[in-house]
Amino acid sequence: MKRIYFFTLALVILFTSVAFAEKSEYKNDKYNASHIKNIILLCGVPSSTSSYVYDPYISMTFPDVIVKELSEDRNIKITMFADIVKKVNQENNCDIMAAYDADPAGANKLMQKYIDKYDAYLVVNILQYGTGSQYRPEFAYNTTQYSTSTVTTSTGEFATITTPQTVTHTIPAGLTSNATAAFEFNLRDTKTNETIFARTESRTRESDLFSTADPKDIAKRISDNYVHDLLDKIHNDLKVSTK
């Protein structure tokens with residue numbers, strides 16, 4: 001079977017348009033991930049979703065979040081794809097990106113020698129990241145309040161009476177701020193290009209009286225969820241392999 005070169009395919013996955021729901025995923029239960037220890041990480045913003053990403057530096061800062069979370073497993077080592085490209089250029093005195101224009105097959109062959117040293121590569125597409133606002137219609141809610149009064153009994157003594165009262169509160173219509181983050185994660189085998197664990201997740205949070213919604217917090221939660229489940233798969237597959 002013709003071998004699919006990693007570098008070209010990774011760029012295709014990273015920069016093609018992606019459609020997503022609130023949360024969808026594919027976990028390859030037939031794939032035993034127990035051997036995964038060295039992972040290449042690529043993170044970027046697809047051109048088709050760049051207008052929904054309002055932080056120009058998120059593709060540089062978000063990988064730090066993922067690396068920190070994956071480092072909870074000391075057996076796993078993360079290498080940024082950009083560092084591999086830099087190493088290829090230095091050791092071969094070339095510009096591997098330019099080489100793909102002149103000699104795609106030769107550039108792929110050279111790149112694959114470096115990629116083969118790793119077990120899997122994780123492509124992270126940033127689909128949406130920023131703040132906005134939405135219209136909220138007027139609404140009302142009731143609370144119960146208690147009023148206390150002092151009265152004189154028939155015997156001339158004083159007594160305290162607590163009376164419940166229903167109070168209606170009306171919140172006027174208006175705009176409320178919110179934050180949204182959406183990411184696609186796709187972990188693949190470097191040798192076979194087989195998908196191991198892919199997930200797309202989008203979350204939106206409205207600001208409230210106590211805090212202002214921040215896409216950074218939402219992004220971390222999405223990343224936490226994915227990394228937690230990814231490590232679970234690796235650890236569970238390891239248990240199966242050692243039985």
Side-chain angles (χ1 to χ4, degrees), residues 1-20 33 35-71 75-130 181-200 216 219 223 226-227 230:
M1 182 179 68
K2 185 176 180 181
R3 188 171 191 178
I4 302 177
Y5 290 108
F6 167 85
F7 181 74
T8 304
L9 187 61
L11 293 182
V12 170
I13 294 173
L14 185 60
F15 295 111
T16 51
S17 177
V18 181
F20 60 91
H35 68 286
I36 293 180
K37 292 182 174 59
N38 295 299
I39 300 176
I40 301 170
L41 177 61
L42 304 86
C43 185
V45 181
S47 58
S48 59
T49 65
S50 60
S51 59
Y52 302 105
V53 178
Y54 300 104
D55 183 348
Y57 307 108
I58 184 62
S59 62
M60 292 182 279
T61 59
F62 189 62
D64 293 338
V65 177
I66 302 173
V67 170
K68 183 177 180 181
E69 292 165 348
L70 283 170
S71 65
N75 293 319
I76 293 180
K77 180 181 179 182
I78 304 298
T79 301
M80 297 302 300
F81 181 67
D83 292 335
I84 297 177
V85 172
K86 183 178 180 180
K87 184 176 181 179
V88 171
N89 290 340
Q90 290 177 341
E91 294 184 355
N92 297 275
N93 192 29
C94 70
D95 182 343
I96 191 66
M97 301 297 289
Y100 270 88
D101 294 328
D103 181 13
N108 269 323
K109 185 177 181 180
L110 174 61
M111 197 69 186
Q112 196 66 44
K113 292 180 180 179
Y114 290 82
I115 300 304
D116 281 344
K117 300 175 183 178
Y118 299 86
D119 303 313
Y121 63 98
L122 175 59
V123 177
V124 180
N125 279 315
I126 304 170
L127 308 179
Q128 192 171 358
Y129 188 92
F183 295 85
E184 179 196 39
F185 303 85
N186 196 334
L187 182 73
R188 291 174 176 260
D189 187 289
T190 55
K191 310 297 191 304
T192 66
N193 193 48
E194 188 175 3
T195 295
I196 303 167
F197 181 29
R199 173 182 290 169
T200 301
K216 182 178 180 180
S223 180
Y226 178 80
V227 171
L230 171 59

Exercise answer: donor-acceptor pairs, residues 75-83 side-chain atoms, under 3.5 Å, sequence neighbours excluded:
none

Got a sec, which residues hit side chain to side chain contact (heavy atoms under 4.5 Å, CB included) with [X], two or more places apart in sequence or on another chain?
X: Thr195; result: Tyr26, Asn186, Arg188, Ala198
X: Ala33; result: Tyr31, Ile36, Ile196, Lys233, Ile234, Asp237
X: Tyr52; result: Thr49, Gln128

Worksheet item: If you take all heavy atoms of Ile96 and Tyr100, which pair is closest and at what distance?
Response: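 For Ile96 versus Tyr100, the nearest heavy atoms are O-CD1, 3.0 Å.
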Discussion item. According to ring pair (Phe, Tyr, Trp, His ring centres under 6.0 Å), who are the partners of Tyr226, at least two apart in sequence or on a separate chain?
Written reply: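 Partners of Tyr226 by the ring pair (Phe, Tyr, Trp, His ring centres under 6.0 Å) criterion, ordered by chain and then number, come out as Phe185, Phe197.
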Worksheet item: For Tyr118, what residues pass the ring pair (Phe, Tyr, Trp, His ring centres under 6.0 Å) criterion, not counting sequence neighbours?
Response: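 With sequence neighbours excluded, Tyr118 shows a ring pair (Phe, Tyr, Trp, His ring centres under 6.0 Å) to no residue whatsoever.
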Fill in: Asn108 side chain vs Pro104 backbone, donor-acceptor pair below 3.5 Å
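Such a contact is found between Asn108 side chain and Pro104 backbone.
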Item to complete: Walk me through it: do Asn125 and Thr200 pass the test side chain to side chain contact (heavy atoms under 4.5 Å, CB included)?
Response: CA-CA 9 Å; Asn125 279 315; Thr200 301; over 6 Å; no
Worksheet item: Considering residues at least two apart in sequence or located in another chain, which fulfil the side-chain hydrogen bond (donor to acceptor under 3.5 Å, both in side chains) criterion with Ser59?
Response: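 Per chain and number, Ser59 pairs via side-chain hydrogen bond (donor to acceptor under 3.5 Å, both in side chains) with no residue.
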Fill in: Test side chain to side chain contact (heavy atoms under 4.5 Å, CB included) applied to Ile126 and Asp55, step by step
CA-CA 11 Å; Ile126 304 170; Asp55 183 348; over 6 Å; no
Under 3.5 Å, which donor-acceptor pairs do the side chains of residues 37-44 form with other protein atoms, sequence neighbours left out?
none

Worksheet item: When you look at His35 and Asp189, which way does the side chain to side chain contact (heavy atoms under 4.5 Å, CB included) test go after all the steps?
Response: CA-CA 11 Å; His35 68 286; Asp189 187 289; 4.2 Å; yes
Worksheet item: What's the verdict on side chain to side chain contact (heavy atoms under 4.5 Å, CB included) for Phe183 and Leu127, showing C-alpha distance, side-chain angles and the deciding distance?
Response: CA-CA 5 Å; Phe183 295 85; Leu127 308 179; 5.9 Å; no
Practice prompt. Take Gln112 and Asp116 through the test side-chain hydrogen bond (donor to acceptor under 3.5 Å, both in side chains) and record every step on the way to the result.
Written response: CA-CA 6 Å; Gln112 196 66 44; Asp116 281 344; 3.0 Å; yes
Discussion item. With rounding to the nearest 0.5 angstrom, report the OG to CG distance, Ser223 to Asp64.
Written reply: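 Rounded to the nearest 0.5 Å, the OG-CG separation comes out at 11.0 Å.
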Worksheet entry | Gap separating the CD1 atom of Ile84 from the CE atom of Met111, nearest 0.5 angstrom |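 These two atoms lie 6.0 Å from each other.
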Worksheet item: Any side-chain hydrogen bond (donor to acceptor under 3.5 Å, both in side chains) pairs touching residues 89-98, not counting sequence neighbours?
Response: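 As it turns out, the side-chain hydrogen bond (donor to acceptor under 3.5 Å, both in side chains) pairs with a partner in residues 89-98, which skip direct neighbours, are Glu91-Tyr114, Asn92-Tyr114.
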